[in-house]
Amino acid sequence: MAPRARDLDLSCGIMRPGPLNAVTDVPGVMLGHSSLRRGDLHTGFTALLPHGGNLFRRKVRAAVDVINGFGKSAGLMQLAELGQIETPILLGNTLAVGMGFDALVTRALAANSDIGRETGTVNPIVLECNDGHLSDIRARALTQEHAFAALDAAASGTVAEGAVGAGTGMSAFGFKGGIGTASRRFDLDRTEHILGVLALANFGNAGDLVLPDGRRPVPPEARPQAERGSVILVIATDVPLESRQLQRVARRGGAGLARLGAFWGNGSGDIAVAFTTADTIDQDQPNDLVPLRALNENRIDTLFRAAAEATQEAVLNAMIAAPATTGRDGHHRPSLRDWLRANAS
């Protein structure tokens, strides 16, 4: 496995990480990747499953916070309105959103014969960043089969980070970006809970990155340019939360990005989706009134801190795991890991 931030003495915040320090520390959450590396293509899909069952029949409570809306993700309008997720979450490149949408619809229709007949349609969640600097995004090379491969690869436990799946061709702060994850554990009513973050890091200007120890890495031959990247955060927890509370937690992902030096530029699509695995929503619920557990609002600061810390660390894990990459037309992104080793104190 590639090294992570803590392996290089970079710790974010004061809370304890989960056993794997990953979003898959949240019970039931699964993650899978499908990567495409061929010629000028450096791209892929990443799939996150809130649980391993039928999500259309057992939806999860969720929310979205649009930190900066320069993006083309699918499914966020209904997510914001209803506060629930009913498909796996796919991450990919900007011009593959439609392909990911089709793949999720295909899987949902195959598993639920009543969709579009006895019940409504389905709302796929597909999130994106533009990997066009390192990959030939115009080739539109990702297919439904690549999306299916990511979905089928989804598993719990330790997950790959860096230049894999949706992170294969991403860039961050002038370095190679990618997929990263982290988690925090804490107690509520004498019971341990987990909050985990998955980050797709494709944002930040060269020279703006701030490490937890205060250093500001500048990639070799960095050139000034407008902020036109994006970042996707998926925040998962097993704490029972209302969708309103989940949006508040999602918004604190932005605090983690700010710790890294991000300012959410005009051309950056910065999106945070949060969900809880507690108290799923039954598609076939027969009752008019249903019970709802929720966190005491006076305890929510614990989750705010967890979201900020885990976001900061997830992005650093993505960058540190990603190797130096030369992609389309000779475009190159150095590795933050190499910079850290060359500048070790």
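Keep in mind the model is a prediction, meaning the values are calculated, not measured.
The heavy-atom pair separating V164 from I179 by the smallest distance is O-CG1, 3.8 Å. When all heavy atoms of E118 and S113 are compared, the closest pair comes out as OE1-O, 4.2 Å. Considering all non-hydrogen atoms of both residues, A307 and R252 come closest at CB-CB, 4.1 Å. Of all heavy-atom pairs between G177 and A322, the closest is O-CB, 3.3 Å. Residues G174 and P334 come closest through the heavy atom pair O-CD, 3.4 Å. Across all non-hydrogen atoms, the minimal contact from D40 to G327 is OD1-O, 4.2 Å.
A salt bridge links R184 with E313; the closest basic N to acidic carboxylate O contact falls under 4.0 Å. The residues D152 and R107 are annotated as salt-bridged, a charged nitrogen and a carboxylate oxygen being separated by less than 4.0 angstrom. The existence of a salt bridge linking D7 and R337 is excluded, since no basic side-chain nitrogen approaches an acidic carboxylate oxygen closer than 4.0 Å.
The distance from the CG atom of D114 to the CZ atom of F56 is 6.0 Å, given to the nearest 0.5 Å. The CZ atom of R16 sits 5.0 Å away from atom CD of E192, with the distance rounded to the nearest 0.5 Å. To the nearest 0.5 Å, atom CD1 of residue I85 and atom CD1 of residue I125 are 5.5 Å apart. Atoms CG and CG, on L246 and D65 in that order, are 11.5 Å from each other to the nearest 0.5 Å. Interatomic distance, E145 CD to L36 CG, rounded to the nearest 0.5 Å: 12.5 Å.
A side-chain donor-acceptor contact under 3.5 Å links H332 and T326. Looking only at atom types and distance, the side chain of N202 has no donor-acceptor partner in the side chain of D131 under 3.5 Å away. D189 and T191 form no side-chain donor-acceptor contact under 3.5 Å, judged by distance and modelled atom types alone.
In this structure, the side chains of E86 and V122 come closer than 4.5 Å at one or more pairs of heavy atoms. Contact of the L209 side chain with the M319 side chain is registered, since non-hydrogen atoms from C-beta on lie closer than 4.5 Å. Contact of the S73 side chain with the E128 side chain is registered, since non-hydrogen atoms from C-beta on lie closer than 4.5 Å. In this structure, the side chains of L142 and T43 come closer than 4.5 Å at one or more pairs of heavy atoms.
Summarising the local packing, CZ of R305 is surrounded by 12 or fewer heavy atoms from other residues, nucleotides or ligands at distances under 6.0 Å. The 12-atom threshold is not exceeded at CZ of R299, counting heavy atoms of other residues, nucleotides or ligands nearer than 6.0 Å. Sparse packing is recorded around CG of N266, with 12 or fewer heavy atoms of other residues, nucleotides or ligands lying under 6.0 Å away. Within a 6.0 Å radius of CZ in R140, other residues, nucleotides and ligands contribute 12 heavy atoms or fewer.
Under a 3.5 Å cut-off, the side chain of H33 and the backbone N or O of A160 do form a donor-acceptor pair. Looking only at distances, a side-chain donor or acceptor of N93 sits under 3.5 Å from a matching main-chain atom of L95. Within the 3.5 Å criterion, the main-chain N or O of T181 finds a donor-acceptor partner in the side chain of R4.
Checked against Q245 for a side chain to side chain contact (heavy atoms under 4.5 Å, CB included), the options L303, V239, L295, T276 give a single hit: L295. When each of T46, V234, L90 is checked for a side chain to side chain contact (heavy atoms under 4.5 Å, CB included) with L127, only V234 meets the rule.
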